[in-house]
Amino acid sequence: MIIQENIPLAAYTTFKIGGPARFFCVALNERDLLEAVKFAKGKGLPIFILGGGSNILISDDGFSGLVIKVELKGIIYRELDHGAVAVSASAGEIWDDLVGETVSRGLYGLENLSAIPGTVGASPVQNIGAYGVEVSNSIESIRILDIEQMKVVELSNPDFHFTYRDSLFKREKGRYIIVGVNFELGKKGKLNTDYKDIQEYFFQKSVLEPTLSEVRQAIMEIRSKKLPDWKKWGTAGSFFKNPIVSVERWHELKNKYPDMPHFVEPDDRIKVALGWILDKLCDAKGLVMGNVGTYENQALVIIAKPGATAKEVIDFSRELIKRVKDKTGIDIEGEVEWVC
Ligand code: EPU
């Protein structure tokens with residue numbers, strides 16, 4: 001494995017922004033990962049794990065440690081006794097290729113997570129979710145390299161404490177590198193089409209009982225309308241998390257803004273739609289400041305023109321944070337990871 005120096009990182013991210021990595025390498029297998037980690041430890045350098053680069057914003061000054069680009073490949077399917085299939089996917093596989101492959105094999109579980117950019121290894125970190133489904137619903141276990149102990153172990157789903165856009169990987173940042181993810185998918189399953197956008201899509205097409213592949217198709221079309229063209233714009237999708245508030249706080253907000261869309265969380269707190277707040281209360285849909293703005297069809301998504309800097313994105317995000325605070329009193333949090 002070759003360790004390179006001063007490698008520009010912008011092209012490795014969907015924001016297409018950011019300075020160079022002091023050191024950079026590509027890991028093709030577990031041995032490469034161990035070697036890379038040893039190198040960084042030996043020099044006392046921080047490590048950043050790069051997957052598809054679709055949920056990060058890299059500082060204009062770059063990253064002063066070692067960037068390890070994870071390119072471990074391979075997907076294995078194994079029939080289980082109870083009519084399910086175990087799917088083990090290596091961290092460097094492209095997420096949507098995995099979803100497409102499982103759907104074409106007639107396996108249920110990942111279809112609502114269609115057309116999300118990034119890699120398999122990144123999917124559990126922020127527990128990617130869309131249209132009422134989170135990746136943690138289908139994860140059985142995850143194979144990880146524990147950097148502290150320098151050994152590869154497999155932990156099961158509950159060990160990762162998955163919640164909305166959160167997991168152990170975020171709470172113990174830098175300790176683990178994901179090597180592969182083991183899913184359990186059904187040969188039969190119940191499709192989750194409750195989400196408003198999906199209902200409307202099938203209603204318009206007069207489809208009463210959509211099939212597994214029709215649900216994937218629907219989601220690919222819905223997402224392509226709601227999210228910007230990744231090839232044209234720099235973006236990382238939703239820039240902030242939808243805020244979760246207490247029931248008391250929710251009642252106050254609801255009295256003031258009765259139309260605010262909301263979802264009840266498993267712990268009974270209320271998740272409110274920040275896209276709606278930015279759009280309807282903060283007048284921020286399609287707002288542009290220099291090279292950066294919010295997407296005209298979805299205010300939660302920040303887009304950047306070619307040539308935009310990380311500083312411009314951060315300044316713009318601060319403006320949005322301020323507007324939301326002024327209107328609702330809510331402190332919003334980034335969904336995109338800041339790398340510096
Ligand atoms: N809305 C507006 N104006 C906007 C944006 C949204 O009024 O500019 C309203 C919508 O009409 C809807 C509500 O706000 O009533 C929620 O919007 P939407 O359904 O588009 O979903 P979201 O909450 O903005 C989340 C995820 C997306 C995921 C969608 C669909 C987060 C941070 N984002 O967005 O994930 O695709 O739900 O399930 O949870 C991502 O993480 O990068 C991402 C794109």
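In this chain, residues are counted from 1 in sequence order. Order of appearance sets the numbers: ligands from 1, and atoms from 1 within every ligand. The analysis underlying the following values was restricted to heavy atoms, covering all of them including side chains, and did not include hydrogens, waters or symmetry mates.
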What protein heavy atom sits nearest atom 4 (C) of ligand 1, and how far off is it?
Gly275 O, 3.4 Å
Judged by non-hydrogen atoms, does Tyr164 sit under 4.0 Å from ligand 1?
yes
Give me the residue, atom name and distance of the protein heavy atom closest to atom 25 (C) of ligand 1.
Asn242 ND2, 4.1 Å
Just which atoms of ligand 1 are under 4.0 Å from any heavy atom in Ala299?
4 (C), 5 (C), 8 (O)
Any carboxylate oxygen within less than 4.0 angstrom of a Lys/Arg side-chain nitrogen, looking at Glu337 and Lys173?
yes
Atom indices of ligand 1 within 4.0 angstrom of Gly237 heavy atoms, with elements:
42 (O)
Going by heavy-atom distance to atom 11 (O) of ligand 1, choose the closest among Lys196, Lys280, Glu296.
Lys196
Decide whether Asn127 and Ser167 meet the rule of one side-chain donor and one side-chain acceptor closer than 3.5 Å.
no
May I ask you to identify the nearest protein heavy atom to atom 42 (O) of ligand 1, giving residue, atom name and distance to one decimal place in Å?
Ser238 N, 3.0 Å
May I ask you to check whether Glu221 and Gln217 show a side-chain donor-acceptor distance below 3.5 Å?
yes
Can you tell me how far CZ of Phe15 sits from CH2 of Trp233, rounded to the nearest 0.5 angstrom?
12.0 Å
Lys/Arg N to Asp/Glu carboxylate O, Glu5 vs Arg22, below 4.0 Å:
yes
What is the closest protein heavy atom to atom 20 (O) of ligand 1, and at what distance does it sit?
Gln298 NE2, 2.8 Å
Among Val336, Leu300, Val301, Val324, which residue meets the side chain to side chain contact (heavy atoms under 4.5 Å, CB included) test with Phe240?
Leu300
Checking Lys69 against Tyr12: charged group under 6.0 Å from the ring centre and within 45 degrees of the axis?
no
Is any side-chain heavy atom of Leu72 closer than 4.5 Å to a side-chain heavy atom of Leu33?
yes
Here the atoms of ligand 1 under 4.0 Å from any heavy atom belonging to Asp279 are 2 (C), 3 (N), 4 (C), 7 (O), 8 (O)
Contacting atoms of ligand 1, where contact means under 4.0 angstrom from a heavy atom of Ala273
13 (C), 14 (O), 16 (C)
Which protein non-hydrogen atom lies closest to atom 38 (O) of ligand 1, naming both residue and atom, and how far is it?
Tyr131 N, 2.7 Å
Under 4.0 Å from ligand 1, counting heavy atoms only, is it the side chain of Lys285, its backbone, both or neither?
side chain
If you group Ile, Leu, Val, Met, Phe, Trp and Tyr by side-chain heavy-atom gaps below 4.5 Å, do Ile139 and Phe169 land in one group?
yes
Using a strict cut-off of 4.0 Å, indicate which atoms of ligand 1 neighbour a heavy atom of Lys226.
18 (P), 19 (O), 20 (O)
Winner among Trp276, Tyr195, Phe263 once heavy atoms are compared against atom 37 (O) of ligand 1:
Tyr195
Surrounding CD of Glu333 (heavy atoms of other residues, nucleotides or ligands, distance under 6.0 Å), is the total greater than 12?
no
If the cut-off is 4.0 Å to any non-hydrogen atom of Pro261, which atoms of ligand 1 fall inside it?
15 (O)
Between Met260, Arg165, Arg223, flag the one that comes closest to atom 35 (O) of ligand 1 by a heavy atom.
Arg165
Atom indices of ligand 1, in the order listed, that fall short of 4.0 Å to a heavy atom of Glu335
32 (C), 40 (C), 41 (O), 42 (O)
For Ala130, the ligand 1 atoms with a heavy-atom partner under 4.0 Å come out as 36 (O), 38 (O)
Any side-chain heavy-atom pair from Tyr164 and Glu134 closer than 4.5 angstrom?
yes
